[in-house]
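Please read the structure below before turning to the comments.
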Amino acid sequence: MYARFMTCAFAAFLCLAGQAQAVCYADYKASREDPLKLHYGVVRIDAEPCTMSDQVLQDVAERLKASGWKLLQVQSVFDDSGLEQRRKDAGQYFLRF
């Protein structure tokens, strides 16, 4: 019984691991009016494959709008390998939204 349970658990783990999405990020520019404020930031996004799409633009715009910001531009979409090089430039807006 125990061996059967472990076999089923391992099979379930493999199925779930195969369904996991790759970690993906987008860097963007946003603005806020009255007074005018601009910022550059980085957000984690759900995108499979990790490429620019209308869904990415919509997702980032909606998250920013909920905090009173207007998306000006999504500059790029990238994986973990591009994350650290953007941390300093994004400052307080690094993975904030």
Side-chain angles (χ1 to χ4, degrees):
M1 182 73 173
Y2 179 76
R4 185 181 209 180
F5 171 77
M6 291 305 291
T7 301
C8 290
F10 183 70
F13 171 76
L14 289 178
C15 288
L16 291 175
Q19 294 175 358
Q21 290 186 344
V23 178
C24 195
Y25 303 91
D27 60 341
Y28 65 88
K29 291 182 180 179
S31 69
R32 183 182 266 176
E33 298 288 327
D34 201 20
L36 178 64
K37 293 183 180 182
L38 303 170
H39 84 256
Y40 166 82
V42 174
V43 294
R44 183 176 177 167
I45 57 174
D46 293 326
E48 187 65 38
C50 191
T51 58
M52 185 73 73
S53 68
D54 289 340
Q55 184 61 44
V56 168
L57 296 172
Q58 182 179 348
D59 181 36
V60 175
E62 287 176 4
R63 285 199 236 170
L64 292 169
K65 185 177 180 180
S67 296
W69 291 93
K70 178 183 176 187
L71 175 66
L72 297 175
Q73 176 185 16
V74 172
Q75 293 189 233
S76 62
V77 175
F78 54 94
D79 61 16
D80 284 329
S81 64
L83 191 58
E84 282 306 312
Q85 70 191 38
R86 292 169 172 90
R87 180 185 292 267
K88 184 177 177 184
D89 289 338
Q92 68 178 340
Y93 297 104
F94 182 78
L95 304 179
R96 182 172 179 177
F97 300 106

Quiz item: Taking the side chain from Arg63 and the backbone from Phe97, do they hold a donor-acceptor pair closer than 3.5 Å?
Solution: yes
Is there a donor-acceptor contact under 3.5 Å from the side chain of Arg96 to the main chain of Ala90? no
Within a strict 4.5 Å, meaning less than it, do heavy atoms of the [X] and [Y] side chains meet?
X	Y	result
Leu38	Leu72	yes
Gln75	Tyr40	yes
Phe94	Asp89	no

Between [X] and [Y], which heavy-atom pair has the shortest distance, and what is it?
X	Y	result
Arg44	Leu95	N-CD2, 3.9 Å
Ser76	Arg86	OG-NH2, 3.4 Å
Leu57	Met52	CD2-SD, 4.0 Å

| said: Taking the ring centre of each residue, are Trp69 and Tyr28 less than 6.0 Å apart? | reply: no
Rounded distance [0.5 Å steps], [atom1] in [X] versus [atom2] in [Y]:
X	Y	atom1	atom2	result
Lys29	Leu64	NZ	CG	14.0 Å
Asp27	Gln85	CG	CD	9.0 Å
Glu33	Lys70	CD	NZ	7.0 Å

Could you walk me through whether Lys65 and Glu62 pass the salt bridge (Lys or Arg N to Asp or Glu O under 4.0 Å) check? CA-CA 5 Å; Lys65 185 177 180 180; Glu62 287 176 4; over 6 Å; no
For Cys50, the side-chain contact (heavy atoms from CB on, under 4.5 Å) test, sequence neighbours excluded, returns Cys24, Val77
Show, in sequence, the C-alpha distance, side-chain angles and deciding distance for Tyr93 and Val43, and conclude whether the side chain to side chain contact (heavy atoms under 4.5 Å, CB included) test is met. CA-CA 8 Å; Tyr93 297 104; Val43 294; over 6 Å; no
